[in-house]
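Being a predicted model, the structure only gives us computed values, none of them experimental.
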Amino acid sequence: MKEEIIVSGRLNHLIDPQLHIWHWHIPLYLFLGGLAAGILFFAALYTILGKEKEYPTAVKLAPFLTPALLSIGLLALFLDLNHKLYFWQLYTTLRLESPMSWGAWTLMVVTPASIVWCALHIRELFPNWDWKFNWLKAVETFFNQYKQHLAWVLLISSLILGVYTGILFSAFNARPLWNTSILGPLFLTSGLSTGAAAIVLMSKKASERHNFARIDLMLIGIELFLIVHMFMGFLASTQVHIEAAHLFLGGPYTVPFWLFVVMLGLVIPALLEFLELRGFHMPYFIAPVLVILGGLIFRFIIAYAGQASRWLY
Amino acid sequence: MRYAMAVDTLKCVGCSDCVVACQTENNVPIGFCRDWVVEVTDGTYPRLEIEIRSERCNHCENSPCVRCCPTGASHYAEGGVVLVTPHKCIGCGACIASCPYDARYPHPDGYVDKCTFCLHNRVEKGLDPACVSVCPTKCMYFGDLDDPNSPVSKVLKNRKYKTLIPEAGTNPQLYFLL
Ligand code: SF4
Ligand code: SF4
């Protein structure tokens with residue numbers, strides 16, 4: 001038997017006995033970022049495809065949530081920092097090696113772009129809106145002219161934002177559970193899926209709801225596929241990765257993960273959406289609410305379980 | 001120049017003097033430590049083997065903590081020593097999560113702190129790091145690996161050694177003599 005103990009009594013706060021440097025802030029930030037990325041992606045996509053009329057909620061209404069989602073996310077990130085007064089240092093350099101760095105910059109592109117997008121559609125909410133100042137009107141005319149370009153910027157930056165929410169974790173090889181590149185596409189898919197769910201919740205148009213329920217169903221399928229692949233990858237990898245997988249396969253995160261994320265957050269909503277598309281009528285909000293909650297719990301579980309996974313040491 | 005340290009696991013008795021010396025020399029806040037002593041017991045009684053190691057930041061040559069720092073606060077200083085610049089650090093904790101050895105900790109003042117090899121306060125003045133110079137069994141060796149006559153180069157030439165979790169790909173520069 002081999003036993004390792006720290007005999008000098010190390011008890012560094014938040015490090016010992018188990019790493020807990022990230023609390024609720026980071027998973028919340030990643031969830032909100034993914035949700036906003038999902039909503040903006042669909043708004044941009046259907047604008048580029050010229051389908052604003054068919055999908056008014058996706059293009060014009062749902063994006064109004066995103067500046068708030070992104071601001072709350074950034075606030076959570078800010079609250080997580082231990083050296084808050086130096087926050088601005090984040091924006092003095094761009095370090096491509098550091099996901100924390102390029103992710104923060106991506107948010108600096110996405111957030112203003114989402115605000116401009118909302119401003120262009122403000123009359124959907126307030127039909128008699130008047131910008132009052134002439135220069136604001138000029139800004140609006142300018143962006144209206146280049147709306148397609150703006151849509152492209154949103155499309156690309158929202159995809160980067162969505163992938164970033166996963167890569168932030170997967171860049172850490174010190175935490176075997178996070179150290180899988182599948183986390184990038186997985187969190188992107190999950191973000192798109194929660195975005196689609198939010199659109200279903202907000203839409204009053206049956207055809208639009210059906211379209212997004214169908215999209216969501218497909219995204220859930222991809223997510224399940226990626227989750228299976230993630231575990232296959234872990235189980236075929238080194239001892240530390242096998243142990244990381246066992247956190248979910250018999251370890252302390254087994255029940256929360258399979259029950260709340262997989263069953264309640266993916267399988268059941270997929271079933272409900274499938275039945276709904278087949279013409280069974282049921283309260284349409286149940287599936288999207290479950291998808292959104294599942295996405296939130298998913299981020300929390302990965303953030304916490306990742307900090308519990310470590311090298312043999 | 002490549003600063004490195006070697007710790008003789010056969011000589012170390014686990015007295016923790018290095019831990020106290022570091023806390024005093026570097027004003028480490030109460031309740032925290034930059035170095036610590038690990039005792040590994042292997043086997044079943046009465047056939048037991050024990051290994052004692054004084055550990056700290058490995059000043060990795062390929063350090064994930066420097067890579068993931070968004071501001072450049074974590075950086076390579078002279079001789080490859082990995083340091084944190086407090087006024088650049090935002091306390092995001094990325095480097096803490098990225099270190100496979102859990103060698104870093106959040107300083108109560110907000111920034112992230114860890115072993116510095118006493119670079120500015122001692123090594124630049126020609127002294128050994130505090131832990132090395134205080135060790136009652138003289139089990140630690142420090143110096144420049146590029147200089148074949150430095151204590152660390154000499155001892156690594158003559159002894160078997162290992163590093164910790166080399167499979168993490170960090171290329172640690174803290175050697176343990178076996
Ligand atoms: S031991 Fe940890 S803190 Fe030190 S250089 Fe290596 S990764 Fe960075
Ligand atoms: S906590 Fe400080 S040193 Fe560590 S990655 Fe963040 S900014 Fe860099």
| query | For A/Leu19, is it the side chain, the backbone, both, or neither that has a heavy atom closer than 4.5 Å to a heavy atom of chain B? | reply | side chain
| query | Rounded to the nearest 0.5 Å, what separation is found between the CZ atom of B/Arg67 and the CG atom of A/Asn173? | reply | 7.0 Å
| Which of these, A/Val7, A/Ile5, A/Ile6, sits in a side chain to side chain contact (heavy atoms under 4.5 Å, CB included) with B/Val37? | A/Val7
| Distance (rounded to the nearest 0.5 Å) between A/Arg10 CZ and B/Asp35 CG | 10.5 Å
| Hey, does the side chain of A/Asn12 reach the backbone of B/Arg104 with a donor-acceptor pair shorter than 3.5 angstrom? | no
| said: Using a 6.0 Å cut-off, check whether atom CH2 of A/Trp152 has over 12 heavy atoms from anything other than its own residue. | reply: no
| query | CD1/B/Ile90 to CE/A/Met100 distance, rounded to the nearest 0.5 angstrom? | reply | 6.5 Å
| message | Would you say that A/Ser98 contacts B/Pro70 through its side chain, given a criterion of any heavy-atom pair below 4.5 Å between the two side chains? | response | yes
| remark: What one should report as the nearest heavy-atom pair of B/Pro106 and A/Ile21 is CG-CD1, 4.0 Å
| said: For chain A, which candidate among B/Cys18, B/Gly91, B/Gly93 shows the most heavy-atom pairs at distances under 4.5 Å? | reply: B/Gly91
| note | If one checks every heavy atom of B/Cys99 against chain A at 4.5 Å, the contacting part turns out to be backbone
| Is there a side-chain contact between A/Tyr86 and B/His87 (heavy atoms, below 4.5 Å)? | yes
| query | Does CZ belonging to A/Phe300 count more than 12 external heavy atoms closer than 6.0 Å? | reply | yes
| query | Which region of A/Asp80, side chain (C-beta onward) or backbone (N, CA, C, O), has a non-hydrogen atom less than 4.5 Å from a non-hydrogen atom of chain B, or is it both or neither? | reply | both
| Measuring from A/Ile15:CD1 to B/Cys33:SG, what's the distance to the nearest 0.5 Å? | 10.5 Å
| If you look at every heavy atom in B/Asp102 and A/Arg175, which pair is closest and at what distance? | OD1-NH2, 2.8 Å
| message | At a heavy-atom distance under 4.5 Å, which candidate from A/Gly306, A/Ala171, A/Ser101, A/Pro99 has the highest pair count against chain B? | response | A/Ser101
| message | Among B/Ser16, B/Pro64, B/Gly72, B/Cys69, which residue has the highest count of heavy-atom pairs closer than 4.5 Å to chain A? | response | B/Cys69
| field | Interchain contact, A/Leu14 with chain B, by part (heavy-atom threshold 4.5 Å) | value | side chain
| said: Are the side chains of A/Val240 and B/Glu167 in contact, using a 4.5 Å heavy-atom criterion? | reply: no
| Can A/His13 and B/Tyr105 be said to form a side-chain contact (heavy atoms from CB on, under 4.5 Å), step by step? | CA-CA 7 Å; A/His13 182 52; B/Tyr105 67 89; over 6 Å; no
| query | What residue in B/Pro108, B/Ala94, B/Ser54 has the most heavy-atom pairs under 4.5 Å with chain A? | reply | B/Ala94
| How far apart are the closest heavy atoms of A/Lys2 and B/Val40, and which atoms are they? | CE-CG1, 3.6 Å
| said: As an exercise, state the distance from OG1 of B/Thr71 to CZ of A/Phe87, rounded to the nearest 0.5 Å. | reply: 12.0 Å
| Residues, nucleotides or ligands: over 12 heavy atoms within 6.0 Å of A/Gln18 CD | yes
| field | Sidechain N-carboxylate O distance under 4.0 Å for A/Glu4, B/Arg53 | value | yes
| task | Check whether any side-chain heavy atom of B/Cys92 lies under 4.5 Å from a side-chain heavy atom of A/Leu77, and answer yes or no. | result | no
| query | Shortest non-hydrogen contact from B/Pro100 to A/Trp311? | reply | CB-CD1, 4.1 Å
| query | Given a strict heavy-atom distance threshold of 4.5 Å, which part of A/Trp105 is in contact with chain B: side chain, backbone, both, or neither? | reply | neither
